[in-house]
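The chain is numbered in sequence order, starting from 1.
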Amino acid sequence: MTGTNVHKDAEDSGPSGYAAARLRLLTEGARSGPPRRAALAELTDEWLAGLFAAGAEDLKGVSLVAVGGYGRGELSPRSDLDLLLLHDGADGKAVAALADRLWYPVWDLGLALDHSVRTPAEARRTAGEDLKVQLGLLDARHLAGDLGLTAGLRTSVLADWRNQAPKRLPELQELCAERAERQGELQYLLEPDLKEARGGLRDATALRAVAASWLADAPREGLDDARRRLLDVRDALHLATGRATDRLALQEQDQVAAELGLLDADTLLRQVYEAARVISYASDVTWREVGRVLRSRAVRPRLRAMLGGGKPVAERSPLAEGVVEQDGEVVLARAARPERDPVLPLRAAAAAAQAGLPLSLHAVRRLAATVRPLPTPWPAEAREQLVTLLGSGRPTVEVWEALEAEGLITQLLPDWERVRCRPQRNAVHIWTVDRHLIETAVRASEFTRRVSRPDLLLVAALLHDIGKGWPGDHSVAGEIIAKDVAARVGFDRADVTVLSCLVRHHLLLIETATRRDLEDPATVRSVADAVGSQSTLELLHALTEADALATGPAAWSSWRGSLVADLVKRVAAVLAGDEPEEPAAAAPTAEQERLAIEAIATGSPVLSLHAQTEPPAEDRPADDPEPLGVELLIAVPDQAGVLPAVAGVLAVHRLTVRTAELRALELPAGVEGSVLLLNWRVAAEYGSLPQAARLRADLVRALDGSLDIGGRLAERDAAYPRRRGVVAPPSRVTVASAASRHATVIEVRAQDAPGLLFRIGQALEDEGLHVRSMHVSTLGANAVDAFYVTGADGAPLPADEAASVTRKLEETLRA
């Protein structure tokens with residue numbers, strides 16, 4: 001059936017002619033999508049125009065106006081007809097009679113009708129009182145009658161909208177938020193409402209309204225295509241069900257997929273989710289821009305008065321190398337060069353998540369367009385920034401979505417493409433696979449104080465279901481992928497083995513605890529054999545809980561938690577018999593021995609700095625290596641206060657401690673005295689490293705008490721108030737039982753922050769404890785520190801004294 005024949009059948013302005021033409025159009029296989037919606041709107045226009053002409057006769061000052069979706073020229077098979085009969089108020093009875101001539105034929109066909117009869121003044125007044133009416137009028141389109149009347153209303157409504165935008169746009173944003181709260185997020189629902197859910201057609205319409213205000217505009221790339229895809233799915237849903245419904249129910253998804261020529265219902269849902277994700281992200285960016293513009297308008301007059309006129313310069317505050325905060329967003333520094341800094345996307349993302357700030361659209365797009373791929377394996381900084389991003393809690397989600405919207409995630413992790421927007425047809429799961437993985441990382445960030453390797457926990461959380469993009473057992477497939485990803489990200493062989501084990505067995509504890517007899521020794525032995533070590537068991541326990549909590553409310557309970565805890569306790573008992581003996585102290589290197597002898601001879605600290613670099617990538621000039629940090633070796637005569645003094649000097653100089661070890665050094669025969677050796681890896685927060693001579697001079701002053709480190713750090717904190725960013729889990733201090741026969745081992749797990757190690761060292765010093773050795777590591781945003789301490793008598797602490805020390809240390813870190 002050709003379009004010409006369809007319109008010919010509609011020449012009869014009566015219901016039967018239009019109904020026949022409409023039926024032919026909707027059953028015509030050659031047209032679908034936008035062409036069919038436009039043709040249906042055009043057909044309906046002609047029919048209604050005919051009805052209007054027959055009823056209006058010589059009536060003047062009246063027009064028929066399409067509003068809302070019909071005003072946009074988009075009619076789905078079962079869409080409402082949104083109509084406004086506009087009149088100048090001259091002949092009310094004649095207008096009422098005309099309305100009857102228009103509305104009844106529509107009702108006779110069983111079509112849904114949203115109608116009103118108003119003068120232009122009444123229409124403007126109603127729009128001012130009802131935001132939904134105003135939104136509909138923004139898409140007003142003339143159908144028949146007095147064109148000037150319609151044009152005048154359109155002009156007035158648009159002018160009103162632009163004039164009132166500072167007031168109406170916050171109302172519209174609140175309306176969108178309330179609807180999202182009721183309907184959920186389209187990109188994750190198994191039975192989504194295509195219109196009302198967040199990321200659906202209503203949000204797309206709201207973005208058009210924002211653009212019409214001239215106050216802000218949405219990112220347009222992909223937006224029209226996403227909206228078109230949702231409309232196509234709604235068309236197919238209307239045809240499949242024969243009803244005016246927007247909810248994509250499970251029982252109708254296969255039929256809708258077939259109507260659209262798609263492989264299956266999963267393919268359909270994935271397309272819906274992808275479209276919703278584009279609209280949701282565009283909404284986030286747009287509403288953020290609206291807020292920025294409105295805040296700027298409110299502040300600008302005051303600033304101009306204070307500055308004596310002129311345009312104020314936006315304040316830029318550094319967050320990390322190449323990354324700054326401006327106007328409540330994270331943007332690239334003016335000197336940033338993404339084309340020469342492949343770690344910059346991860347550094348910017350980690351800084352944004354830690355600060356609880358969004359990544360600006362411009363920054364993400366610039367990174368996506370210009371940044372070079374990371375070398376394989378990744379440099380250490382890239383791995384650390386990924387861990388920091390994953391460990392930032394709830395802000396990670398928004399930052400991750402910003403990277404994903406511009407394709408940066410699949411550029412960093414190509415295996416992500418198979419799980420992106422992948423639905424999970426399981427009533428227990430409330431997220432798509434990709435969002436579930438990020439949610440698991442968010443949950444795991446709450447448990448970083450429970451494990452000795454939070455970096456492995458967070459990466460395992462990100463990868464544990466990565467195999468769901470492949471056929472077969474996703475745990476088996478995921479183990480293979482995890483090995484490849486972990487090696488590419490730069491973990492060493494031992495860590496790769498642990499990560500692949502965690503992914504392979506991420507369901508082992510929950511399934512064994514709920515499905516096997518825990519009294520059977522064979523059950524416990526099988527889990528112990530699979531896990532292999534106490535540290536891996538610790539990680540697997542935390543991953544199990546994080547995974548379950550991120551799945552949905554039905555996946556975890558106190559009962560399940562108690563079963564898993566019981567299993568872990570039994571497995572730990574089995575593994576305890578295989579604990580390795582304490583390793584012997586490593587022999588000092590020639591340089592360490594030289595520094596120690598010099599420290600004894602001079603009676604003061606000596607130090608050396610050695611830059612560590614990555615070998616150049618193939619596409620990077622050989623003379624442009626990427627700095628990893630600096631190895632700092634310090635030898636100092638054994639005395640009180642060494643740990644807080646060194647840690648404090650580094651904090652004053654804004655040096656971040658990545659790893660740190662402290663131990664007493666065995667001196668060569670004939671050399672009297674005792675020397676402490678500190679072997680640390682440090683990096684500058686901003687800019688370049690200080691000179692070694694300056695560090696040594698400040699260290700000497702700190703040890704003799706002439707440098708007030710605590711006061712200096714307090715002054716700096718007061719000058720730069722702490723940002724309101726991610727809320728970290730509370731610090732945790734524990735005593736590792738039976739970890740050493742010679743000392744009490746105090747473990748501290750806390751959020752890394754400037755001066756943290758200084759505060760810990762000072763607290764231990766205040767308790768009169770001697771630090772025999774320590775092992776400090778910063779894993780992403782987490783500090784995991786172990787201090788081997790003894791009392792003044794050189795013996796391990798009694799149990800009650802050790803418990804008292806841990807309590808006081810926790811109080812110090814909370815202060």
Side-chain angles (χ1 to χ4, degrees), residues 187-188 222 266-267 269-271 273-278 280-281 342-346 348-350 352-353 359 364-365 367-368 371-378 382-383 385-392 396-424 429 431-444 455-472 474-491 496 499-500 502-503 506 543 546-547 550 780:
Q187 60 181 313
Y188 305 121
D266 275 2
T267 306
L269 277 184
R270 194 169 188 183
Q271 285 198 4
Y273 294 161
E274 287 172 344
R277 189 163 295 187
V278 170
S280 292
Y281 178 62
V343 183
L344 187 55
L346 285 169
L359 268 174
V364 179
R365 286 186 173 170
L367 289 169
V371 77
R372 292 186 294 108
L374 284 165
T376 302
W378 288 10
R383 183 173 65 255
Q385 297 293 354
L386 174 65
V387 171
T388 299
L389 171 61
L390 295 176
S392 298
T396 298
V397 176
E398 182 179 358
V399 174
W400 190 274
E401 288 176 346
L403 296 178
E404 193 168 36
E406 300 301 327
L408 281 165
I409 294 299
T410 49
Q411 181 178 327
L412 291 166
L413 303 170
D415 298 283
W416 194 259
E417 178 61 31
R418 281 185 171 264
V419 297
R420 188 176 61 83
C421 294
R422 182 170 292 276
Q424 303 202 76
H429 277 279
W431 305 111
T432 53
V433 177
D434 56 342
R435 177 62 184 271
H436 168 69
L437 293 176
I438 297 302
E439 285 290 327
T440 305
V442 170
R443 293 289 190 168
D455 57 334
L456 296 184
L457 171 63
L458 293 167
V459 174
L462 181 70
L463 299 178
H464 75 279
D465 274 350
I466 198 72
K468 285 189 174 178
W470 295 85
H474 76 278
S475 297
V476 175
E479 178 184 18
I480 298 170
I481 298 169
K483 283 182 180 179
D484 176 66
V485 173
R488 188 164 7 108
V489 166
F491 285 101
V496 169
L499 283 169
S500 61
L502 293 173
V503 173
H506 70 273
L543 176 61
D547 182 18

Student: Which heavy atom of Leu367 sits nearest a heavy atom of Pro345, and at what distance?
Tutor: CD1-CA, 3.9 Å
Student: Measuring from Leu462:CG to Leu386:CG, what's the distance to the nearest 0.5 Å?
Tutor: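 The CG atom of Leu386 is 6.5 Å from CG of Leu462, to the nearest 0.5 Å.
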Student: What closest approach, in Å, do Pro377 and Ala487 show between heavy atoms, and which atom pair accounts for it?
Tutor: CB-O, 3.6 Å
Student: Can you give me the closest heavy-atom contact between Lys468 and Arg422, atom names plus distance?
Tutor: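 Scanning both residues, the minimum pair turns out to be O-CD, 3.5 Å.
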Student: Are the side chain of Asp455 and the backbone of Val387 linked by a donor-acceptor contact shorter than 3.5 Å?
Tutor: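 No; judged by distance alone, with no hydrogens or angles, the pair does not exist.
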Student: Rounded at 0.5 Å granularity, tell me how far CG in Leu437 sits from CG in Leu390.
Tutor: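 Reported to 0.5 Å precision, the distance equals 10.5 Å.
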Student: Please examine the side chains of Ile481 and Trp470, heavy atoms only from C-beta on, and report whether any two atoms are closer than 4.5 Å.
Tutor: yes
Student: For Lys483, does the NZ atom have more than 12 heavy-atom neighbours from other residues, nucleotides or ligands under 6.0 Å away?
Tutor: no
Student: Just so I know, are the side chains of Thr410 and Asp415 near enough to count as touching, which here means a heavy-atom distance under 4.5 Å?
Tutor: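 No, too far: nothing below the 4.5 Å cut-off.
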Student: Search all heavy atoms of Pro423 against all heavy atoms of Asp266 and return the closest pair with its distance.
Tutor: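 Residues Pro423 and Asp266, closest heavy atoms: CG-OD1, 3.9 Å.
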Student: Applying side chain to side chain contact (heavy atoms under 4.5 Å, CB included), run through Val433 and Ile466 and close with a yes or a no.
Tutor: CA-CA 8 Å; Val433 177; Ile466 198 72; over 6 Å; no
Student: Step by step, would you call Thr267 with Arg270 a side chain to side chain contact (heavy atoms under 4.5 Å, CB included)?
Tutor: CA-CA 5 Å; Thr267 306; Arg270 194 169 188 183; 5.8 Å; no
Student: Working to the nearest 0.5 Å, report the span between CD1 of Ile438 and CZ of Arg435.
Tutor: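 Spacing of CD1 (Ile438) from CZ (Arg435) equals 9.0 Å.
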Student: Ignoring hydrogens, what is the shortest heavy-atom contact between Val442 and Thr396? Give both atom names and the distance.
Tutor: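 So the two residues come closest at CG2-CB, 4.5 Å.
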Student: Would you say the side chain of Leu463 lies within less than 4.5 Å of the side chain of Leu413, judging by non-hydrogen atoms?
Tutor: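 When only atoms from C-beta onward are counted, Leu463 and Leu413 do not touch, as no gap falls below 4.5 Å.
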Student: Determine whether the side chains of His474 and His464 contain a donor N or O and an acceptor N or O closer than 3.5 Å.
Tutor: no
Student: Let me confirm one number: the CD1-OG distance from Ile480 to Ser475, rounded to the nearest 0.5 Å.
Tutor: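 Ile480 atom CD1 to Ser475 atom OG measures 11.5 Å (nearest 0.5 Å).
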Student: Should Asp484 and Arg488 count as an ion pair when the cut-off is N to O under 4.0 Å?
Tutor: yes
Student: Are any of the side-chain heavy atoms of Leu346 and Trp378 separated by less than 4.5 Å?
Tutor: yes
Student: Taking the side chain from Arg443 and the backbone from Ala546, do they hold a donor-acceptor pair closer than 3.5 Å?
Tutor: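 No, Arg443 side chain to Ala546 backbone: no donor-acceptor pair under 3.5 Å.
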Student: Within a strict 4.5 Å, meaning less than it, do heavy atoms of the Val489 and Val459 side chains meet?
Tutor: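 No. Closest side-chain heavy atoms not under 4.5 Å.
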Student: Please confirm whether the backbone N or O of Cys421 pairs with a side-chain atom of Gln187, one donor and one acceptor, at under 3.5 Å?
Tutor: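 Pair absent, no side-chain N/O of Gln187 close to backbone of Cys421.
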Student: Which atoms form the tightest heavy-atom contact between Leu499 and Ala460, and what is the distance?
Tutor: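 Heavy-atom minimum between the residues: CD2-N, 3.7 Å.
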Student: Does any N or O in the side chain of Arg383 come within less than 3.5 Å of the main-chain N or O of Gly490, such that one atom is a donor and the other an acceptor?
Tutor: yes
Student: What pairs of donor and acceptor atoms, side-chain ones from residues 397-407 against any protein atom, are under 3.5 angstrom apart with sequence neighbours left out?
Tutor:
| unit_1 | atom_1 | unit_2 | atom_2 | d |
| --- | --- | --- | --- | --- |
| Glu398 | OE2 | Arg288 | NH1 | 3.3 |
| Glu401 | OE2 | Tyr188 | OH | 3.3 |
| Glu404 | OE1 | Arg277 | NH1 | 3.1 |
| Glu404 | OE2 | Trp416 | NE1 | 2.7 |
| Glu406 | OE2 | Arg365 | NE | 3.3 |

Student: Do side-chain atoms of His506 reach the backbone of Asp465 as a donor and acceptor pair under 3.5 angstrom?
Tutor: no
Student: Under 3.5 Å, is there a donor-acceptor pair between the side chain of Arg420 and the main chain of Glu274?
Tutor: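 Pair absent, no side-chain N/O of Arg420 close to backbone of Glu274.
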Student: Run the side chain to side chain contact (heavy atoms under 4.5 Å, CB included) check on Thr440 and Leu543 step by step: do they pass?
Tutor: CA-CA 8 Å; Thr440 305; Leu543 176 61; 4.3 Å; yes
Student: Taking Ser500 for its side chain and Ala482 for its backbone only, find out whether a donor-acceptor pair lies under 3.5 Å.
Tutor: no
